[in-house]
Amino acid sequence: MADEKTLFQRIIDEEIPADIVHEDERCVAFRDNNPQAPVHLLVVPREPIPSLEAVSEDDAPLVGHLFVVARRLAEQEGIAEDGYRTVFNCGGAAGQTVDHLHLHLLGGRTMSWPPG
Ligand code: AMP
C-alpha cells in the first residue's frame, strides 16, 4: 500500500528533520523552513486532520489546544507583548499547500492588513 503520510506526519514521526520547539501528546510545533516573519512557527496536531474544513465539533478541544500552545510559544519567543498573528490557511485560494491541519504563528515584525 502506498505511503500516504503527509509531510507534517513525517516530521512528527521524525522521518524528516525539523526545528521542533514544542511537543506534547496532542501536537508538535516547529519552525517554518520558509519563514514569512522573524518568528514563524507551525503548530500541528498529531492527528492528521487534512484542513480546517475537516474539523468537527469533536475536534474543538484539540483546536483550542493548538491556540493555547501558540499563545505559550508567542510568550516563549518574546513576541507576545508586541503582538503576533495566528493563521489557518484553508484550501487552495487561501494558500494551503500541506494537507495536514497547521496553525501558523507569525511575529517579530509589524504586519499589514488585509493579508495578501
Ligand atoms: P500552508 O501554505 O498554510 O499549507 O503552510 C505550509 C507551510 O509549511 C509553509 O509556510 C511552508 O513554508 C512550510 N513548510 C513546508 N515544508 C516544510 C518543512 N519541511 N519544514 C518546515 N516547514 C515547512
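Both ligands and their constituent atoms are indexed starting at 1 by order of listing. All values derive from a computational prediction rather than experimental measurement.
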Identify, for [atom], the protein heavy atom at the shortest distance, and state residue, atom and that distance.
atom	result
atom 16 (N) of ligand 1	L7 CD2, 3.2 Å
atom 1 (P) of ligand 1	H102 NE2, 3.1 Å
atom 7 (C) of ligand 1	D32 OD2, 3.4 Å
atom 23 (C) of ligand 1	N33 OD1, 3.1 Å
atom 2 (O) of ligand 1	G95 O, 2.7 Å

Check whether [X] reaches the backbone of [Y] with its side chain - one donor and one acceptor, N or O, closer than 3.5 Å.
X	Y	value
E81	I79	no
H102	H100	yes
Q96	G91	yes
R26	E47	no
R31	V39	no
D59	S56	yes

V98, any N or O under 3.5 Å of ligand 1 N or O | yes

Roughly how far, to the nearest 0.5 Å, is the CG atom of L101 from the CZ atom of F88?
-> 4.5 Å

Nearest to atom 4 (O) of ligand 1 by heavy atom, T97, N89, L41, L106: which?
-> T97

Non-hydrogen atom of Q36 closer than 4.0 Å to ligand 1 = no

Where on L42 is there a heavy atom closer than 4.0 Å to ligand 1, on the side chain, on the backbone, on both, or on neither?
-> side chain

Taking non-hydrogen atoms only, is F8 closer than 4.0 angstrom to ligand 1 via side chain, backbone, both or neither?
-> side chain

Assess whether atom CD of E57 is packed by more than 12 heavy atoms of other residues, nucleotides or ligands within 6.0 Å.
-> no

Atoms of ligand 1 less than 4.0 Å from [X] heavy atoms?
X	result
R31	21 (C)
H104	1 (P), 3 (O), 5 (O), 10 (O)
N34	12 (O)

Option among D32, N33, I11 that satisfies the side-chain contact (heavy atoms from CB on, under 4.5 Å) test with L42 | D32

